[in-house]
Amino acid sequence: MPDVLRSSIESDLHPVRPLPSPWRRALLVVVVTGTVAALALAMIPVRSDMDQIPGWLGWGCSFLELAMGLFLVCLALREAVPGSGTPTGAATGFLAAGMLLQMLVGIATWLHSPGEQINGDGVARGVGCLMHDSTMALPTFVVTAWLIVRALPLRAPMAGMLGGAGAAISADAIIHLLCPFSSPAHVLVWHTGVIVLFMVLGWTAGKLWEALRWRRRA
């Protein structure tokens with residue numbers, strides 16, 4: 001090894017804090033997400049037509065969505081550790097599966113109950129749901145992003161996109177029980193839209209982090 005390269009490597013070495021085990025990092029996300037869910041359910045009444053929705057579709061699919069969201073967050077945390085990331089094809093497939101699950105739950109709910117009627121063009125109601133979804137997804141997203149940057153993601157945009165999707169789907173698991181509107185247009189535009197929004201936010205945050213990291217090293 002050339003002496004110049006050896007000296008450059010030695011000058012870059014510094015002590016680091018050991019990374020907690022994967023289950024400990026994921027547990028923090030579970031606690032944050034569970035706290036947000038508990039507060040939302042305590043403060044906001046569930047939709048008035050819950051008696052028309054089968055238990056497997058109401059509470060059951062909410063738990064399924066929550067599990068899918070946390071699974072995607074776990075994939076994001078794995079992606080943050082060099083050598084542990086999920087292949088691109090598999091990660092993309094899991095993202096698509098999460099979005100498909102959310103859309104199918106929304107459509108199935110509409111088939112069992114039309115929900116409340118949306119007056120007018122529905123934009124005001126839609127923006128309100130988008131804000132509620134985003135507010136509930138944000139704590140999970142922030143904690144996940146913090147855990148990602150504390151590691152060393154080699155594909156930060158992918159990790160951010162997985163974390164963003166996981167946070168938004170976890171929030172939708174609760175909104176599914178609270179939002180009184182079942183219209184497919186409302187669900188697909190405003191609720192699925194939040195998932196897309198957080199995926200874009202995660203990807204963008206990852207790109208910015210990469211740019212700043214390489215700029216500091218330059």
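The residues of the chain are indexed from 1 along the displayed sequence.
Both F141 and L197 are members of a single hydrophobic cluster when ILVMFWY side chains are connected at heavy-atom separations under 4.5 Å. There is a path of hydrophobic side-chain contacts, each under 4.5 Å, that joins V189 to V194. Residues L208 and W203 are members of separate hydrophobic clusters, defined by side-chain heavy-atom contacts under 4.5 angstrom among Ile, Leu, Val, Met, Phe, Trp and Tyr. Note on M50 and I174: same hydrophobic cluster, where clusters join Ile, Leu, Val, Met, Phe, Trp and Tyr whose side-chain heavy atoms are under 4.5 Å apart, directly or indirectly. Hydrophobic clustering keeps L154 apart from L77 (ILVMFWY residues linked when any side-chain heavy atoms are closer than 4.5 Å, directly or through intermediates).
T135 is linked by a side chain to side chain contact (heavy atoms under 4.5 Å, CB included) to nothing, counting only residues two or more places apart in sequence or in another chain. In terms of the side chain to side chain contact (heavy atoms under 4.5 Å, CB included) criterion, residue partners of V127 (sequence neighbours excluded) are, by chain and number, V123, M131, W190.
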Hey, can you pull the donor-acceptor pairs under 3.5 Å for the side chains in residues 52-74, sequence neighbours left out?
| unit_1 | atom_1 | unit_2 | atom_2 | d |
| --- | --- | --- | --- | --- |
| S62 | OG | G58 | O | 3.1 |
| S62 | OG | A173 | O | 2.8 |

Distance-only check: which donor-acceptor pairs under 3.5 Å involve side-chain atoms of residues 155-164, not counting sequence neighbours?
| unit_1 | atom_1 | unit_2 | atom_2 | d |
| --- | --- | --- | --- | --- |
| R155 | NE | E79 | OE2 | 2.8 |
| R155 | NH1 | T88 | OG1 | 2.5 |
| R155 | NH2 | E79 | OE1 | 2.9 |
| R155 | NH2 | E79 | OE2 | 3.2 |
| R155 | NH2 | T86 | O | 2.6 |

Can I get a per-line list of side-chain donor-acceptor pairs under 3.5 Å for residues 98-110, giving both atom names and the distance, sequence neighbours left out?
| unit_1 | atom_1 | unit_2 | atom_2 | d |
| --- | --- | --- | --- | --- |
| Q102 | OE1 | T192 | OG1 | 2.6 |
| Q102 | NE2 | D172 | OD1 | 3.4 |
| T109 | OG1 | V105 | O | 2.7 |

Between side-chain atoms of residues 27-46 and protein atoms elsewhere (two or more places apart, or another chain), which donor-acceptor pairs fall under 3.5 Å?
| unit_1 | atom_1 | unit_2 | atom_2 | d |
| --- | --- | --- | --- | --- |
| T33 | OG1 | V29 | O | 2.9 |
| T33 | OG1 | T140 | OG1 | 2.8 |
| T35 | OG1 | V31 | O | 2.8 |

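The backbone N or O of S84 sits less than 3.5 Å from a side-chain atom of R78, completing a donor-acceptor pair.
Rounded to the nearest 0.5 Å, atoms CZ (F181) and NE2 (H191) are 8.5 Å apart. A distance of 8.0 Å separates CD1 of I195 from CG of D133, quoted to the nearest 0.5 Å. Atom CD1 of residue I175 and atom OG of residue S134 lie 9.5 Å apart, to the nearest 0.5 angstrom. Once rounded to the nearest 0.5 Å, the distance linking CG of L178 with NE2 of H176 reads 10.0 Å. Going from atom CZ of F94 over to atom OG1 of T92 covers 10.5 Å, rounded to the nearest 0.5 Å. Here the straight-line distance linking atom CD1 of I169 with atom CZ of F198 works out to 12.0 Å at 0.5 Å rounding.
Annotation: R25, atom CZ; neighbour count of heavy atoms from other residues, nucleotides and ligands within 6.0 Å is above 12.
Side chains of C179 and H186 form a contact here, defined as non-hydrogen atoms less than 4.5 Å apart.
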Go through H112 and S182 one step at a time and tell me if the side-chain contact (heavy atoms from CB on, under 4.5 Å) criterion holds. CA-CA 9 Å; H112 280 84; S182 300; over 6 Å; no

